[in-house]
Q: 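Here it is: the structure, laid out below.
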Amino acid sequence: MKLTPEVQRIQPLSKRNGLTLTWAGGSAFLLGMGLFVVVPAFFALGLVLFCMGAIALILGLAKVYEPQTTLTLDEQGLTYFHRRGRVFIAWDNIARIDVPRVTHGIDNIELSYLGIKLKRLNPILDNISLRLATGLLTEQRPLLVTAASSQAELATLETYLGAEFSPLVLDGERYRGVLAMFGHRCNMLDTHLGYHLYIPHESLDRPPQAFIKLLRQSVAQAIAAKG
């Protein structure tokens with residue numbers, strides 16, 4: 001069985017509503033501002049339109065400036081595109097793909113991410129840009145808090161935060177600075193959530209489980225092609 005040599009490009013569903021949201025938000029923003037100036041009697045309505053329009057405009061512009069393609073899949077692996085850069089993940093370096101889950105009491109809660117557990121972290125640290133690593137460190141703070149949300153994990157979180165700025169040695173390779181911080185973060189999230197890398201659901205073009213099925217098939221095909 002061979003993988004198709006064609007590159008499959010993933011364009012997220014969230015991107016498609018960006019222009020509509022921007023246009024609607026801008027219109028409401030201007031209308032609300034006009035009511036402030038021209039019809040003071042409608043101040044309350046103008047304030048509501050102004051605030052809602054501003055929020056919609058910001059969200060719409062954020063979607064517009066996101067990459068048109070968030071993921072590409074080819075015979076070698078997948079590439080994740082972010083507004084700060086890109087990172088390549090080889091199929092043969094993927095150990096598991098699923099939706100991360102956390103337990104709160106008797107509830108099992110799914111997180112809004114696609115989790116990727118790696119066999120080796122070095123290839124990621126060797127090809128990710130410093131700009132993207134810095135951006136992901138910032139964006140993944142909610143995941144960090146989730147990983148240590150229970151009282152029992154607070155001591156672990158304090159230990160991790162103390163070690164985050166230290167050099168990282170993996171398979172004989174030594175990493176410093178931002179790459180070391182990103183490597184520590186990946187290892188910490190893997191320990192407590194089960195995955196090294198996290199792709200938000202809003203970057204996908206279909207339901208998470210359908211996308212996971214597609215990626216698992218690609219991994220299986222890559223293994224079969226090498227065998």
Side-chain angles (χ1 to χ4, degrees), residues 1-15 65-100 111-140 143 167-191 193-206 208 210-227:
M1 182 185 301
K2 293 184 178 180
L3 284 173
T4 172
E6 297 179 357
V7 176
Q8 184 172 355
R9 301 183 184 278
I10 306 301
Q11 298 182 340
L13 295 174
S14 61
K15 178 77 173 180
Y65 286 104
E66 287 292 330
Q68 187 70 30
T69 298
T70 50
L71 290 156
T72 59
L73 315 178
D74 59 29
E75 59 183 359
Q76 301 299 322
L78 69 90
T79 301
Y80 173 53
F81 293 86
H82 188 278
R83 64 182 180 275
R84 292 177 178 267
R86 68 181 71 178
V87 61
F88 172 76
I89 309 167
W91 297 127
D92 60 7
N93 192 32
I94 295 177
R96 188 170 74 251
I97 305 169
D98 209 339
V99 174
L111 304 181
S112 299
Y113 292 88
L114 185 154
I116 299 177
K117 185 177 180 64
L118 303 171
K119 296 177 182 177
R120 296 180 66 245
L121 185 55
N122 299 68
I124 303 301
L125 298 179
D126 291 339
N127 85 80
I128 193 171
S129 68
L130 295 179
R131 188 166 179 264
L132 176 56
T134 302
L136 292 179
L137 282 169
T138 301
E139 292 179 7
Q140 290 178 353
L143 282 173
L168 175 67
V169 179
L170 291 174
D171 297 332
E173 295 186 51
R174 189 178 184 88
Y175 300 92
R176 298 179 181 274
V178 172
L179 291 180
M181 292 176 65
F182 184 71
H184 282 300
R185 175 71 59 83
C186 290
N187 284 334
M188 192 269 191
L189 293 177
D190 176 51
T191 299
L193 297 180
Y195 304 89
H196 294 92
L197 301 177
Y198 297 80
I199 299 174
H201 287 174
E202 62 187 21
S203 296
L204 310 180
D205 65 346
R206 66 198 73 185
F211 197 80
I212 289 171
K213 181 179 179 181
L214 171 65
L215 294 186
R216 287 175 176 171
Q217 288 175 344
S218 298
V219 172
Q221 289 176 1
I223 294 173
K226 288 190 174 182

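No hydrogens, no waters, no symmetry mates; every other heavy atom, side chains included, goes into these values.
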Q: Could you tell me the separation between the CD atom of Q217 and the CD1 atom of I212, rounded to the nearest 0.5 Å?
A: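 With rounding to 0.5 Å, CD (Q217) is 12.5 Å from CD1 (I212).
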Q: So do the side chains of L137 and M181 get within less than 4.5 Å of each other, counting heavy atoms only?
A: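 Side-chain contact under 4.5 Å: yes.
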Q: Any side-chain heavy atom of I124 within less than 4.5 Å of one from F182?
A: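 Heavy-atom side-chain distance check passes, below 4.5 Å.
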Q: R9: which residues meet the salt bridge (Lys or Arg N to Asp or Glu O under 4.0 Å) condition with it, sequence neighbours left out?
A: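 With sequence neighbours excluded, R9 shows a salt bridge (Lys or Arg N to Asp or Glu O under 4.0 Å) to no residue whatsoever.
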Q: Apply side chain to side chain contact (heavy atoms under 4.5 Å, CB included) to Y80 and S203, showing your working.
A: CA-CA 9 Å; Y80 173 53; S203 296; 4.0 Å; yes
Q: Search all heavy atoms of H201 against all heavy atoms of V99 and return the closest pair with its distance.
A: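 Shortest heavy-atom separation between H201 and V99 comes out as NE2-CG2, 4.1 Å.
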Q: Run the side chain to side chain contact (heavy atoms under 4.5 Å, CB included) test on I199 and Y113 for me, step by step, so that the C-alpha distance in whole Å, both residues' side-chain angles and the decisive distance to 0.1 Å come before the verdict.
A: CA-CA 5 Å; I199 299 174; Y113 292 88; over 6 Å; no
Q: About how many Å separate CG of L132 and OG1 of T134, when rounded to the nearest 0.5 Å?
A: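 Going from the OG1 atom of T134 to the CG atom of L132 covers 8.5 Å.
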Q: If you round to the nearest 0.5 Å, how far is CG of L78 from OG of S218?
A: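 The distance works out to 8.5 Å.
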Q: For the CG atom of N122 and the CG atom of D171, what is their distance to the nearest 0.5 Å?
A: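 Rounded to the nearest 0.5 Å, the CG-CG separation comes to 4.5 Å.
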Q: Where is the tightest heavy-atom contact between I94 and K119, given as atom of each residue plus distance?
A: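 Minimum heavy-atom separation between I94 and K119: O-CE, 3.6 Å.
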Q: Is any side-chain heavy atom of I97 closer than 4.5 Å to one of L114?
A: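 L114 reaches I97 side chain to side chain.
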Q: So do L121 and D190 actually touch side chain to side chain, heavy atoms under 4.5 Å?
A: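 With C-beta onward as the side chain, the pair stays apart.
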Q: Restricting to salt bridge (Lys or Arg N to Asp or Glu O under 4.0 Å), what partner residues turn up for D126, sequence neighbours left out?
A: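 D126 satisfies salt bridge (Lys or Arg N to Asp or Glu O under 4.0 Å) with no residue once adjacent residues are dropped.
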Q: By the salt bridge (charged side-chain N to carboxylate O under 4.0 Å, His left out) test, which pairs, at least two apart or in different chains, include something from residues 90-100?
A: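 Only D92-K226, D98-R101, D98-R216 qualify under salt bridge (charged side-chain N to carboxylate O under 4.0 Å, His left out).
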Q: Yes or no on side chain to side chain contact (heavy atoms under 4.5 Å, CB included) for L136 and L197, after CA distance, side-chain angles and deciding distance?
A: CA-CA 10 Å; L136 292 179; L197 301 177; 5.9 Å; no
Q: Give a yes or no on whether the backbone of V87 and the side-chain of N127 come within a donor-acceptor separation of less than 3.5 Å.
A: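 Here the side-chain-to-backbone pair does not exist.
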Q: So, does W91 use its side chain to make a donor-acceptor pair with the main chain of D74 at under 3.5 Å?
A: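 Flag set: sc W91 to bb D74 pair under 3.5 Å.
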Q: With side chains defined as the heavy atoms from C-beta onward, is the minimum distance between H196 and N187 less than 4.5 Å?
A: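 Contact flag for H196/N187 side chains = yes.
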Q: Quick one: closest heavy-atom pair of K117 and Y195, and the distance?
A: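 Minimum heavy-atom separation between K117 and Y195: N-CD2, 3.6 Å.
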Q: Does any part of the side chain of T79, heavy atoms only, come nearer than 4.5 Å to the side chain of L71, both counted from C-beta?
A: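 Contact flag for L71/T79 side chains = no.
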Q: Which heavy-atom pair separates R84 from G135 by the least distance, and what is that distance?
A: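 Result for this residue pair: CD-CA, 3.4 Å.
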Q: Decide yes or no for Q8 and L214: does some side-chain heavy atom of the first lie under 4.5 Å from some side-chain heavy atom of the second?
A: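 Sidechains of L214 and Q8: in contact.
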Q: How long is the span from the OG atom in S129 to the CG atom in L179, to the nearest 0.5 Å?
A: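 Here the rounded value is 9.0 Å.
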Q: To check you understand the geometry: which heavy-atom pair defines the closest contact between H184 and P167, and what is its length?
A: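 The pair with the smallest heavy-atom distance is NE2-O, 3.6 Å.
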Q: Would you mind reporting whether L189 and Y198 have side-chain heavy atoms less than 4.5 Å apart?
A: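 SC-SC contact between Y198 and L189 confirmed.
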Q: Apply salt bridge (Lys or Arg N to Asp or Glu O under 4.0 Å) to E139 and R185, showing your working.
A: CA-CA 12 Å; E139 292 179 7; R185 175 71 59 83; over 6 Å; no
Q: Could you tell me whether the side chain of N93 and the main chain of R120 form a donor-acceptor pair under 3.5 Å?
A: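 Such a contact is found between N93 side chain and R120 backbone.
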